[in-house]
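Atom set for the values below is all heavy atoms of this structure, side chains included, hydrogens, waters and symmetry mates excluded. Throughout, protein chains are lettered first and strands after them, A, B, ... in sequence-line order, and every chain is numbered starting at 1.
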Protein chains: 2
Amino acid sequence: MKPTDSELEILQVLWQEGPSTVRQVNERLAQNKDVGYTTTLKLMQIMHEKGLLTRLEEARSHVYAANVSEEETQSTLLERFVDTAFRGSASKLVMHALGNHKATPAELDEIRKLLDQIEKQP
Amino acid sequence: MKPTDSELEILQVLWQEGPSTVRQVNERLAQNKDVGYTTTLKLMQIMHEKGLLTRLEEARSHVYAANVSEEETQSTLLERFVDTAFRGSASKLVMHALGNHKATPAELDEIRKLLDQIEKQP
DNA sequence: TTTTATCTACGAAATATTTCGTATAAAAAA
DNA sequence: TTTTTTATACGAAATATTTCGTAGATAAAA
């Protein structure tokens, strides 16, 4: 299941803040862009229909939570992205990412360890 | 300039095959999915309007070419992707990419060299 | 020459995504 | 109790993207 751009923004909020009401999510989104309450509401309703979100209807304000993990979503999106933008070459993507963005020495170390692990595997 | 998914597919063909006619591009796309000739034509006309493609109108069949490089497009898309899907953490994306996809030992070596270079920089 | 094939241009339908207004209900405040 | 605020639901407008049909021009084949 590939979330749209707007849906991904909402998932990001829920992953970071945990289960939230529409108002909470909307206020978070409104920090970065102009977006009306009912717009966020509608999107979250659609996401709920799609199974992307769960919701508790106990209180008057429903509480929504992500029903897909950040990790698995990242994997799904990454796979598609590697295919469409990098012709399936993950290493090319990695080179680009390391070249353009700054990573801390600690992060670089982590990556190096991961390389070791991968190369050790039979 | 962010190409849409369909536009990116066309750019991929042009990057790989070099300057091509609409028919050539369409036949290439048709190998993977069901797509009509005029659909491809229209898309390429739009891309030309947007400045994504150049075209030679000398012959009856116009010859189109990518007007953006693969590298710069990859960088543009990657930056956005890191932000939206990985909250800006390039190293997280790298870990995911290395973890999920298989890279050849040679590619891993290249990545390692790049890490060396980056760490050596003052 | 007449017919057939192939090309561009372009409007518009089809589909996907995003945005918002309005109706209605319930809670909170006055 | 009456008014105001704050929810949800939902249709539909607005926008973006993709797809295709048709008209008209030109080249190729018959």
**Request:** Flag yes if more than 12 heavy atoms outside R87(B) fall under 6.0 Å of its CZ atom; otherwise flag no.
**Result:** yes
**Asked** M47(B) CE to dT19(D) P: how many Å, rounded?
**Response** 13 Å
**Prompt:** Within the structure, does a side-chain N or O atom of R55(A) lie under 4.0 Å from either OP1 or OP2 of dA9(D)?
**Reply:** yes
**Item:** Proximity to the side chain of S6(B) - top-ranked nucleotide from dT19(D), dA9(D), dT8(C)
**Value:** dT19(D)
**Prompt:** Between dT6(D), dT18(D), dT8(D), which one does the side chain of I46(B) approach most closely?
**Reply:** dT18(D)
**Request:** Rounded to the nearest 0.5 Å, what's the gap from CD1 on I10(A) to CE on M47(A)? Could you check?
**Result:** 5.0 Å
**Message:** Tell me the interatomic distance from N26(A), atom CG, to dT6(D), atom C1', rounded to whole angstroms.
**Reply:** 13 Å
**Message:** Please report the distance, rounded to the nearest Å, between CD in Q24(B) and C1' in dT6(C).
**Reply:** 14 Å
**Asked** Hey, is the side chain of T4(A) poking within less than 4.0 Å of OP1 or OP2 on dA16(C), counting only N and O atoms?
**Response** no
**Item:** OP1 or OP2 of dT19(C) under 4.0 Å from side-chain N/O of Y37(A)
**Value:** no
**Request:** Using whole Å, report how far NE2 of H62(A) lies from C1' of dT6(D).
**Result:** 13 Å
**Asked** Closest to the Q45(A) side chain: dT18(D), dA9(D), dA9(C)?
**Response** dA9(D)
**Request:** For E7(B), report the nucleic acid contact type (base, sugar-phosphate, nothing); a contact means any heavy atom under 4.0 Å.
**Result:** nothing
**Request:** Check the distance between dT24(C)'s P and L41(A)'s CG and give it to me in whole angstrom.
**Result:** 17 Å
**Prompt:** Is the closest side-chain donor-acceptor distance between Q74(A) and H96(B) under 3.5 Å?
**Reply:** yes
**Message:** Could you tell me how far apart E49(B) (CD) and dT17(D) (P) are, to the nearest whole angstrom?
**Reply:** 14 Å
**Prompt:** For R23(B) and dC7(C), is the shortest distance between a side-chain N/O and OP1 or OP2 below 4.0 Å?
**Reply:** yes
**Rounded distance in Å - CD (E58(B)) to P (dC7(C))** = 17 Å
**Fill in**
Comparing nearest nucleotides in DNA chain D, the 5'-proximal residue of the pair Y64(A), L43(B) is Y64(A)
**Message:** Assuming nearest nucleotide by heavy-atom distance, tell me which of R60(A) and K42(A) is located more 5' along DNA chain D.
**Reply:** R60(A)
**Request:** For T39(B), report the nucleic acid contact type (base, sugar-phosphate, nothing); a contact means any heavy atom under 4.0 Å.
**Result:** base
**Request:** Could you grab the distance from atom OG of S89(A) to atom CD of E107(B), nearest 0.5 Å is fine?
**Result:** 5.5 Å
**Request:** Round to the nearest Å and state the distance from M44(B) atom CE to dC20(D) atom C1'.
**Result:** 17 Å
**Message:** Considering every strand and a 4.0 Å limit on heavy-atom distances, what is the contact class for T38(B): base, sugar-phosphate, or nothing?
**Reply:** base
**Request:** Could you verify whether a donor N or O on one side chain and an acceptor N or O on the other, from E72(A) and S75(A), lie under 3.5 Å apart?
**Result:** no
